[in-house]
Amino acid sequence: MCGERGEPTLRAEGVTTGTPAVRTAVVWDALRSMLAERTAATGRESLDIVDAGGGTGGFAVPLAALGHAVTVVDPSPDSLAALERRAKEKGVDVRGLQGDAADLGELLDRDCADLVLCHSVLEYVEDPISALTAVATLLRRGGAVSVLAANPVGSAIHRALSGQFDEAVAVLADPGGTWGDRDPTPRRFAADTLVELLTATGFVVGAIHGVRVFTDLVPSRLVDGEPGAAQALVALEQAASTHPVLRDIATQLHVLGHRN
């Protein structure tokens with residue numbers, strides 16, 4: 001288990017998990033498959049998971065509810081406080097540590113994790129290579145990193161649909177995939193760029209999935225007002241996530257990288 005001397009654990013017991021939200025269903029599908037494979041390979045029902053930049057525990061708390069030992073590392077004390085409240089409400093144990101993704105190697109032991117989540121982190125860190133290198137130090141052999149990052153093509157589509165045509169052009173022209181100085185996302189990543197980053201830091205890259213291909217385009221009234229619409233939209237997202245064309249227009253891209 002990932003260890004850090006003297007750090008408190010967020011404690012509670014007993015939880016019931018629900019169906020994942022439409023926006024994250026594709027990611028959860030990939031995570032469940034990876035966790036099942038890792039559990040079978042190790043013979044351990046409880047895996048050690050680190051959620052870098054895990055914020056208020058949107059992934060960490062459900063993973064803890066599945067019986068895994070989860071540590072969240074996040075720079076925001078407010079987010080960690082919200083994580084503690086959420087964990088207690090759901091009756092699970094989650095440990096919170098304050099720190100940045102690039103500092104993972106200093107905060108936690110080497111070779112302590114089976115899975116590291118790096119969701120919506122690479123867009124904001126100073127150096128994505130350094131962050132992924134730090135992630136690699138935590139993983140045991142056979143472990144995986146789950147990377148979820150903003151996609152510039154998806155951003156261009158959304159800027160265009162909101163009437164910001166100049167900004168849509170800027171996203172496509174900018175090497176970092178941003179649409180201007182007011183863009184709250186410092187950088188975005190195409191699929192080939194994510195593959196290059198993971199390969200450069202020693203990972204074997206698995207399948208790439210598009211996340212939120214249609215979910216961000218469909219008016220919420222069409223989903224909320226129709227029985228079964230949410231489930232149908234999840235099925236559509238699952239089908240589109242690996243489609244050779246639709247995947248690359250998704251709002252986000254998800255990829256698993258494995259450590260040999």
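Predicted model, so just to flag it, every value in this text is computed and none were measured. Numbers for residues simply follow the sequence, beginning at 1.
Minimum interatomic distance between Gly57 and Pro62 (heavy atoms only, all atoms of both residues): O-CD, 3.6 Å. The heavy-atom pair separating Pro152 from Gly177 by the smallest distance is CB-CA, 3.9 Å. In this structure, Trp179 and Ser155 approach most closely via the heavy-atom pair CD1-OG, 3.9 Å. Between Val147 and His119, the shortest heavy-atom distance links the atoms C-CD2, 4.3 Å. Closest non-hydrogen pair, Pro75 versus Asp100, comes out as CB-OD1, 3.2 Å. Minimum interatomic distance between Asp74 and Ser79 (heavy atoms only, all atoms of both residues): OD1-CB, 3.8 Å.
Between the OG1 atom in Thr71 and the CG atom in Asp48 there is a gap of 8.0 Å [rounded to 0.5 Å]. Taken to the nearest 0.5 Å, the CD atom of Glu45 stands 11.0 Å off from the CG atom of Leu66. Distance check: Arg188 CZ to Thr178 OG1 gives 7.0 Å after rounding to the nearest 0.5 Å. Considering CH2 of Trp28 and CG of Leu63, their distance stands at 4.0 Å, rounded to 0.5 Å. For the atom pair CZ of Arg95 and CG of Leu108, the computed distance is 6.0 Å after rounding to the nearest 0.5 Å. The CG atom of Leu194 sits 10.5 Å away from atom OG1 of Thr199, with the distance rounded to the nearest 0.5 Å.
Using a 4.5 Å cut-off on side-chain heavy atoms (C-beta onward), Leu35 and Ile49 make contact. With a 4.5 Å cut-off on side-chain heavy atoms, Val125 and Ser130 do not count as touching. In this structure, Val61 and Leu83 have side chains that are in contact, with non-hydrogen atoms separated by less than 4.5 Å. For the pair His243/Asp248, no side-chain contact is recorded, criterion being any heavy-atom separation below 4.5 Å from C-beta on. Between Phe189 and Leu253 the shortest side-chain heavy-atom distance does not fall below 4.5 Å.
Residues Val204 and Ile208 are members of separate hydrophobic clusters, defined by side-chain heavy-atom contacts under 4.5 angstrom among Ile, Leu, Val, Met, Phe, Trp and Tyr. Placement of Val255 and Ile129 within a single hydrophobic cluster is found when ILVMFWY residues are connected by side-chain heavy-atom separations under 4.5 Å, directly or transitively. Under the 4.5 Å side-chain heavy-atom criterion for grouping Ile, Leu, Val, Met, Phe, Trp and Tyr, Val22 is connected to Val218 within one hydrophobic cluster. Clustering ILVMFWY residues whenever any of their side-chain heavy atoms sit less than 4.5 angstrom apart, transitively, puts Val213 in the very cluster that holds Val223. In this structure, Val195 is a member of the same hydrophobic cluster as Phe203, with clusters built from ILVMFWY side-chain heavy atoms closer than 4.5 Å.
For CG of Asp192, the number of neighbouring non-hydrogen atoms (other residues, nucleotides, ligands) closer than 6.0 Å is greater than 12. For Gln238, the CD atom counts as densely surrounded, since its 6.0 Å shell holds more than 12 non-hydrogen atoms of other residues, nucleotides or ligands.
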Taking it one step at a time, do Val116 and Leu139 satisfy side chain to side chain contact (heavy atoms under 4.5 Å, CB included)? CA-CA 7 Å; Val116 177; Leu139 284 170; 3.8 Å; yes
Apply side chain to side chain contact (heavy atoms under 4.5 Å, CB included) to the pair Val145 and Thr201, showing each step before the final yes or no. CA-CA 11 Å; Val145 59; Thr201 48; over 6 Å; no
I would like to know whether Phe59 and Val70 meet side chain to side chain contact (heavy atoms under 4.5 Å, CB included); could you show each step before the answer? CA-CA 10 Å; Phe59 280 90; Val70 185; over 6 Å; no
One pair to check against side chain to side chain contact (heavy atoms under 4.5 Å, CB included): Thr137 and Arg259. What are the steps and the verdict? CA-CA 10 Å; Thr137 66; Arg259 183 188 175 204; over 6 Å; no
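Leu148 pairs with exactly one of Leu122, Val27, Val26 by the side-chain contact (heavy atoms from CB on, under 4.5 Å) rule, that one being Val27. Gln252 pairs in a side-chain hydrogen bond (donor to acceptor under 3.5 Å, both in side chains) with only one of the listed residues (Arg23, Arg212, His209), which is Arg212.
No donor-acceptor pair under 3.5 Å is formed between the side chain of Arg247 and the backbone N or O of Ser241. The backbone N or O of Ala235 lies less than 3.5 Å from no partner atom in the side chain of Glu237, so there is not a single donor-acceptor pair. No donor-acceptor pair under 3.5 Å is formed between the side chain of Thr251 and the backbone N or O of Gly154.
For Arg38, the salt bridge (Lys or Arg N to Asp or Glu O under 4.0 Å) test picks out Asp114, with sequence neighbours left out. Legend: residues meeting salt bridge (Lys or Arg N to Asp or Glu O under 4.0 Å) with Glu167, ordered by chain and number and at least two apart, are Arg159, Arg182.
Taking 4.0 Å as the cut-off between side-chain N and carboxylate O, Arg85 and Glu89 do not count as a salt-bridged pair.
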